[in-house]
> 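Submitted below is the structure of interest, expressed as structure tokens.
Note that the numbering runs from 1 along the sequence shown for the chain. All figures in this text were calculated on a predicted structure; none of them were measured in a lab.
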Amino acid sequence: MAEISKLPGQSRITANIERLLVSGKRGQAVMFMGPPGSGKFAAGIYLGRRFMCPEGGSEDCGCSCCRKVNSFNHPDFLLVFPFPNLAGESRKNTVFHFSDPVNSSAKYSDETLEEVRRFIEEKGADNYRVVTFEKKQNIPAEVVRDLIRAVARKPMLGDKRVVMVCDVEKMAFGAADLFLKTVEEPPEDTLVILTCSRPNLLQPTLLSRVIKFRMAPTSDEEIKKYLSQHELQFAEFHIRCSMGSPGMARRAVEDELDKRRDALWNIVRNYVETGGLAQTIEKLHRHFWRTDYEDVRNDFRLLTMILRDIYVCKFGLDNRLANADIDSEIKAVAGKAPEPSILRRWISAAVRAMCVHEVNNVSADMAFIGAFIEFHKANQLLGRES
């Protein structure tokens, strides 16, 4: 388990957590915000352990309470996170320990239970790790109802309880409304810890009720140390595309994002050089044949990084390209790309397409095709204006 003292570049978070603990507040809600893999999960686990430990939860504390929290095995540490609902027609199991296995309506298949257990195992081995699923995941309303019922009861082993909800922005429709009351007025014996990667998706009322801690970007050198500790072979591209997140850097290495980047780069380069929309659509169909949800999310990130690099090259700002390993190719394409105002439209279209895919569940190839159609419209607008 990664301790807060070992979280690189998070001295401000450390100081804020210490002040919160010294104040002795209960009935409070805290939110850690930042990109996936930036240390939100590790900070939340540490805060929860320190809050619950009768000995103060020092780094070397080995008491029963700390051991149970560290292994996600404490009955008063209620951990919730988004998960995929696999084989939805087979509802046999509750997947969180606070759900009543007899009376709960939050029951799921064996396949879903295995995915929940895999998340816990991988996060336990490395708090930074960005655990991915092949299918879209959320926090269902029925799980939130079970959580609210559990919070209404007294703690089982001590006088304190922690509720930790990861990626709270992924609560299913209606679930966040159910949970808002708990965030606004937690019981005096309960600390609510939330993590969030995209606070713009949350209700303003929820955001206004929490103490917000934003994770700082981790330096390139610290990320390199982290990857080396896990014996991962990395390149400069993996560091730069992490955007200061150790977990995203690890994901980039393990998912071989450099190969997906190369495939997308060839599509973008060909489109800029030829302007052939029909040929580009055919290439996109082939690229997204048999791809999973996380691959698509990665591809949207890679597309926006590529467009951003082309854009900054237009201004001669080529000393900090995310794709520095292909900088000569990017510079060459930037010379043929449309003017910056059109490239800004391209970047906006790519971001909108990503949101359409994530929120409305539009297929990957159609979302990307829609983005390139918007690129084409922007090019035609440039032609009419000139």
Side-chain angles (χ1 to χ4, degrees), residues 13 16-17 20-21 23-36 38 40-41 43-45 47-48 51-52 72 74-85 94-100 103-108 116 119 136-156 159-215 355 358-361:
I13 295 290
N16 286 334
I17 286 178
L20 185 67
L21 291 168
S23 70
K25 287 186 177 180
R26 298 192 182 191
Q28 186 62 66
V30 174
M31 179 182 291
F32 293 101
M33 301 184 298
S38 59
K40 304 186 301 297
F41 186 87
I45 294 294
L47 171 58
F51 177 79
M52 292 181 64
F72 314 128
H74 197 297
D76 298 323
F77 189 88
L78 312 184
L79 176 65
V80 185
F81 48 84
F83 59 93
N85 184 7
T94 53
V95 296
F96 296 110
H97 73 265
F98 54 78
S99 292
D100 183 344
N103 298 316
S104 172
S105 61
K107 292 185 178 180
Y108 303 92
V116 169
F119 178 97
K136 190 174 181 179
Q137 65 270 11
N138 67 7
I139 302 174
E142 55 262 33
V143 168
V144 174
R145 291 190 183 95
D146 283 357
L147 180 63
I148 293 170
R149 282 192 284 267
V151 172
R153 298 190 290 266
K154 291 290 185 182
M156 298 178 66
D159 62 348
K160 296 179 182 179
R161 176 195 292 116
V162 166
V163 174
M164 182 168 169
V165 181
C166 303
D167 293 330
V168 66
E169 72 273 21
K170 293 184 179 179
M171 280 192 171
F173 180 77
D177 293 331
L178 293 172
F179 192 58
L180 182 60
K181 184 68 174 178
T182 302
V183 174
E184 290 179 329
E185 300 177 6
E188 284 296 314
D189 56 13
T190 299
L191 174 66
V192 175
I193 301 173
L194 311 176
T195 75
C196 180
S197 298
R198 300 180 64 183
N200 61 300
L201 298 181
L202 294 176
Q203 300 176 21
T205 48
L206 190 150
L207 282 172
S208 67
R209 300 299 193 273
V210 299
I211 300 174
K212 293 179 280 292
F213 298 148
R214 186 174 295 278
M215 309 303 292
C355 293
E358 290 186 355
V359 177
N360 297 331
N361 210 24

> Nearest 0.5 angstrom please: Asn16 CG to Phe213 CZ, how far?
4.5 Å

> Just verifying a value: how many Å separate Cys355 SG and Leu201 CG, rounded to the nearest 0.5 Å?
7.5 Å

> Does one side chain, of Gln137 or Asn85, offer a donor that lies under 3.5 Å from an acceptor on the other?
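No, no side-chain donor-acceptor contact under 3.5 Å.
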
> For Pro75 and Met156, which heavy atoms make the closest approach, and how far apart are they?
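In terms of heavy atoms, the two residues are closest at CB-SD, 3.8 Å.
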
> Lys160 and Asp76: side-chain contact (heavy atoms from CB on, under 4.5 Å), yes or no, with the steps?
CA-CA 7 Å; Lys160 296 179 182 179; Asp76 298 323; over 6 Å; no

> Do you know which of Val192, Leu47, Val210, Leu194 makes side-chain contact (heavy atoms from CB on, under 4.5 Å) with Val30?
Leu47

> Quick check for you: to the nearest 0.5 Å, what is the distance between Ser38 atom OG and Arg214 atom CZ?
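It comes to 10.0 Å.
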
> Taking the side chain as everything from C-beta on, heavy atoms only, tell me whether Phe41 gets closer than 4.5 Å to Leu79.
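Heavy-atom side-chain distance check passes, below 4.5 Å.
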
> Would you confirm whether Lys136, through its side chain, and Pro84, through its main-chain N or O, come within 3.5 Å as a donor-acceptor pair?
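Between the backbone of Pro84 and the side chain of Lys136 there is no qualifying donor-acceptor contact (under 3.5 Å).
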
> Run Met31 and Leu207 through side-chain contact (heavy atoms from CB on, under 4.5 Å) and show every step you take.
CA-CA 9 Å; Met31 179 182 291; Leu207 282 172; 3.9 Å; yes

> Any side-chain heavy atom of Pro187 within less than 4.5 Å of one from Val151?
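When only atoms from C-beta onward are counted, Val151 and Pro187 do touch, with a gap below 4.5 Å.
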
> What's the spacing between Lys212 NZ and Cys196 SG if we round to 0.5 Å?
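One gets 10.5 Å once the value is rounded to the nearest 0.5 Å.
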
> Ion pair present between Asp189 and Arg161, side-chain N to carboxylate O less than 4.0 angstrom?
yes

> Would you say the ring centroid of Phe81 lies under 6.0 angstrom from that of Phe119?
yes

> List the atom of Ser197, the atom of Pro35, and the distance in Å for their closest heavy-atom pair.
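Closest approach of Ser197 to Pro35: OG-C, 4.1 Å.
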
> Counting C-beta onward and ignoring hydrogens, is there a side-chain heavy-atom pair between Ile17 and Phe32 closer than 4.5 Å?
yes

> Using the side-chain contact (heavy atoms from CB on, under 4.5 Å) rule, take Met215 and Met33 through it: C-alpha gap first, then chi angles, then the decisive distance, then the call.
CA-CA 6 Å; Met215 309 303 292; Met33 301 184 298; over 6 Å; no

> Determine whether a donor-acceptor pair (N or O, by modelled atom type, separation under 3.5 Å) exists between the side chain of Lys170 and the backbone of Pro82.
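Between the backbone of Pro82 and the side chain of Lys170 there is no qualifying donor-acceptor contact (under 3.5 Å).
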
> If you measure from CG on Asp159 to CE on Met52, what distance do you get to the nearest 0.5 Å?
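Rounded to the nearest 0.5 Å, the CG-CE separation comes out at 9.5 Å.
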
> State, with a plain yes or no, whether a side-chain heavy atom of Ile148 is found less than 4.5 Å away from one of Leu178.
yes

> Taking the side chain from Thr195 and the backbone from Asp167, do they hold a donor-acceptor pair closer than 3.5 Å?
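Yes, Thr195 side chain to Asp167 backbone: donor-acceptor pair under 3.5 Å.
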
> Using side-chain heavy atoms (C-beta onward) and a distance below 4.5 Å, is His97 in contact with Leu78?
yes

> Considering non-hydrogen atoms only, spot the tightest contact between Pro140 and Ala172 and give its length.
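Looking at all heavy atoms of both residues, the shortest contact is CA-CB, 4.0 Å.
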
> Indicate the atoms forming the closest heavy-atom contact of Ile139 with Ala175, along with that distance.
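Where Ile139 meets Ala175 most closely, the heavy atoms are O-CB, 4.0 Å.
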
> Is there a side-chain contact between Thr182 and Val163 in this structure, where contact means two heavy atoms from C-beta onward sitting under 4.5 Å apart?
no

> What is the distance from atom CG of Asn103 to atom OG1 of Thr94, rounded to the nearest 0.5 Å?
11.0 Å

> Any donor-acceptor pair under 3.5 Å linking the side chain of Glu142 with the backbone of Ser104?
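Not a single qualifying donor-acceptor pair exists.
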
> Working note: Arg209 + Glu184, criterion salt bridge (Lys or Arg N to Asp or Glu O under 4.0 Å); need CA distance, chi angles, decisive distance, verdict.
CA-CA 6 Å; Arg209 300 299 193 273; Glu184 290 179 329; 3.2 Å; yes

> Should the pair Phe96 and Phe83 be assigned to parallel (<30°), tilted (30 to 60°) or perpendicular (>60°) ring geometry?
perpendicular

> Taking the side chain as C-beta and beyond, is there a heavy-atom pair between Leu21 and Ser23 under 4.5 Å?
no

> With the side chain counted from C-beta on, respond yes when Leu147 and Val165 share a heavy-atom pair under 4.5 Å apart, and no when they do not.
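When only atoms from C-beta onward are counted, Val165 and Leu147 do touch, with a gap below 4.5 Å.
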
> Run the side-chain contact (heavy atoms from CB on, under 4.5 Å) check on Phe98 and Val143 step by step: do they pass?
CA-CA 9 Å; Phe98 54 78; Val143 168; 4.1 Å; yes

